[in-house]
J.: 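Quick one: the structure is below, questions incoming.
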Amino acid sequence: MPKIVDHAKRRDEIALVACQVVASHGFERTTVARIARAAGYTTGMVAHYYESKQEIILAALRLILKRIEERLTRERDAGEANLLSVLSEALPLDAQRFTECAFWMAFWGQVSADPKLKRLNAWVHREYMRLFARCFAEHWPEWRSRPPAVRDQVLRSVVTCMNGLTAGAVTSPRDWPAGKQLEHIELQLQLLRRWASPSHDVRAALNLHA
């Protein structure tokens, strides 16, 4: 009886291996042959599922984003359902998340020179903003009562902070162990909560005029 192959699972497997190869060797040194070797397949087998290296990379991007979304939005017990623990799912705190973030770093390094990757990166950024906005709405009780301009500024600040932590942790992991990353994002959230409070002069802080 012929073996039944789960082709969707195999495509995801190849995309995940591509993520690991890019994280380890960089974007330029990642080839279809190297991905195939790491996956234990022939290049012909990989070509059966993907027409090019770029197509594999796009699949890896979508897979990582899907995995991050699943972690950010999974159901949690009351004790662990706080904003810090939820946002930390997107930080390089363990081996799996480190690999994902190293892949993002390699991808970002290619964006400025490729118009197609610029458009893709813009889409990824919008997806991150959507996911983080959902996290704030679910785990920051006063979120919905804040003006849209304030919510937008908070989101941008958090994304910028997390991108910086990601870059630091991937390039200098000894300087940014998991505990230090969490301390930094917790401080950022505390400062933003204070800044976004109704007693703060939001209009002045945003340079808005009546």
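Side-chain atoms are counted along with the backbone in the values below, which use heavy atoms only and exclude waters and symmetry mates.
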J.: Between S88 and I185, is any pair of side-chain heavy atoms under 4.5 Å apart?
T.: no

J.: Is it true that atom CD of E51 has more than 12 heavy atoms of other residues, nucleotides or ligands lying nearer than 6.0 Å?
T.: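 No, the 6.0 Å shell around CD holds no more than 12 heavy atoms from other groups.
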
J.: Which heavy atom of A15 sits nearest to which heavy atom of A60, and what is that distance?
T.: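 The answer is O-CB, 3.4 Å.
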
J.: Could you label the plane-to-plane angle of the H7 and H48 rings as parallel, tilted or perpendicular, counting under 30° as parallel and over 60° as perpendicular?
T.: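 The arrangement is tilted - the two ring planes meet at 30° to 60°.
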
J.: Same cluster or not: L16 versus L58, using hydrophobic residues (I, L, V, M, F, W, Y) connected whenever any side-chain heavy atoms lie under 4.5 Å apart?
T.: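 No, it is not one cluster - the side chains of L16 and L58 are not joined through contacts under 4.5 Å.
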
J.: With a 4.5 Å limit on heavy-atom distance, are the side chains of N82 and H139 in contact?
T.: no

J.: I need the W143 CH2 to C135 SG distance, nearest 0.5 Å.
T.: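 Reported to 0.5 Å precision, the distance equals 10.5 Å.
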
J.: Is any side-chain heavy atom of E89 closer than 4.5 Å to one of I68?
T.: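 I68 vs E89: side chains apart.
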
J.: For S172 and D175, indicate whether the former's side chain and the latter's backbone hold a donor-acceptor pair under 3.5 Å.
T.: no

J.: May I ask you to say whether E127 pairs ionically with K66, meaning some side-chain N is under 4.0 Å from a carboxylate O?
T.: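 Here E127 does not pair with K66 in a salt bridge, since their nearest N and O are not under 4.0 Å apart.
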
J.: First locate atom CG of L192, then atom OG of S197, and finally report the distance between them rounded to the nearest 0.5 Å.
T.: 11.0 Å

J.: Where is the tightest heavy-atom contact between W104 and L65, given as atom of each residue plus distance?
T.: CZ2-N, 4.5 Å

J.: In the single-linkage hydrophobic clustering (I, L, V, M, F, W, Y; side-chain heavy atoms under 4.5 Å), do L63 and L61 co-cluster?
T.: no

J.: Of all the heavy-atom pairs spanning R146 and A196, show the shortest one and how long it is.
T.: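 Where R146 meets A196 most closely, the heavy atoms are NE-O, 2.8 Å.
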
J.: Would you mind checking if D152 and R156 are paired as a salt bridge, meaning a charged N to carboxylate O distance below 4.0 Å?
T.: yes

J.: For residues W108 and Q110, is any side-chain donor paired with an opposing acceptor at under 3.5 Å?
T.: no

J.: Given R10 and Y49, is the side-chain contact (heavy atoms from CB on, under 4.5 Å) satisfied, shown in steps?
T.: CA-CA 8 Å; R10 182 167 288 179; Y49 291 97; 3.1 Å; yes

J.: Do L191 and L165 belong together in a cluster built from hydrophobic side chains that touch within less than 4.5 Å?
T.: no

J.: After noting the C-alpha distance and the side-chain angles of Y41 and E13, does the key distance pass the side-chain contact (heavy atoms from CB on, under 4.5 Å) rule?
T.: CA-CA 11 Å; Y41 297 137; E13 178 186 331; 3.1 Å; yes

J.: A side-chain contact here means heavy atoms from C-beta on lying under 4.5 Å apart; do K53 and F27 qualify?
T.: yes

J.: Which heavy atom of V21 sits nearest a heavy atom of I35, and at what distance?
T.: CG2-CA, 4.3 Å

J.: Is the shortest side-chain heavy-atom distance between L91 and R97 below 4.5 Å?
T.: no

J.: What are the two closest heavy atoms between T43 and A33, and how far apart are they?
T.: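 Taking T43 first and A33 second, the nearest heavy atoms are CG2-CA, 3.5 Å.
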
J.: A side-chain contact here means heavy atoms from C-beta on lying under 4.5 Å apart; do F103 and V170 qualify?
T.: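 Answer no - side chains too far apart.
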
J.: List the steps, then state whether side-chain contact (heavy atoms from CB on, under 4.5 Å) holds for K9 with D12.
T.: CA-CA 5 Å; K9 183 177 180 181; D12 283 351; 5.8 Å; no

J.: Begin with the C-alpha distance, continue with both residues' side-chain angles, and end with the deciding distance and a verdict on side chain to side chain donor-acceptor pair (under 3.5 Å) for E69 and Y128.
T.: CA-CA 9 Å; E69 180 169 11; Y128 264 108; over 6 Å; no

J.: Answer yes when E138 and R134 have at least one side-chain N-carboxylate O distance shorter than 4.0 Å, and no when they do not.
T.: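 Result for this pair is yes, salt bridge flagged.
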
J.: Which distance, rounded to the nearest 0.5 Å, do you find between the CZ of R29 and the CZ of R34?
T.: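 R29 CZ to R34 CZ: 5.0 Å, rounded to 0.5 Å.
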
J.: Indicate yes or no: at least one non-hydrogen side-chain atom of V32 is less than 4.5 angstrom from one of Y50.
T.: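 No, side chains not in contact.
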
J.: Provide the closest heavy-atom pair for S157 versus Q188 in the form atom of the first, atom of the second, distance.
T.: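 Taking S157 first and Q188 second, the nearest heavy atoms are O-NE2, 3.7 Å.
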
J.: What's the spacing between I56 CD1 and Q54 CD if we round to 0.5 Å?
T.: 11.0 Å

J.: Would V111 end up clustered with W123 when hydrophobic side chains under 4.5 Å apart are linked, directly or stepwise?
T.: yes

J.: Does any part of the side chain of L189, heavy atoms only, come nearer than 4.5 Å to the side chain of L87, both counted from C-beta?
T.: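 Counting from C-beta outward, L87 and L189 do come under 4.5 Å.
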
J.: To the nearest 0.5 angstrom, please state how far the CG atom of L93 sits from the CG atom of L182.
T.: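 Rounded to the nearest 0.5 Å, the CG-CG separation comes out at 5.0 Å.
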
J.: Atom CE of M129 and atom CG of L155: how far apart are they, to the nearest 0.5 Å?
T.: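 Answer for the CE-CG pair, M129 versus L155, is 5.0 Å.
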
J.: Is it the case that one hydrophobic cluster holds both L187 and F132, taking links as side-chain heavy atoms less than 4.5 Å apart, direct or via other members?
T.: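 No, no single cluster joins them.
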
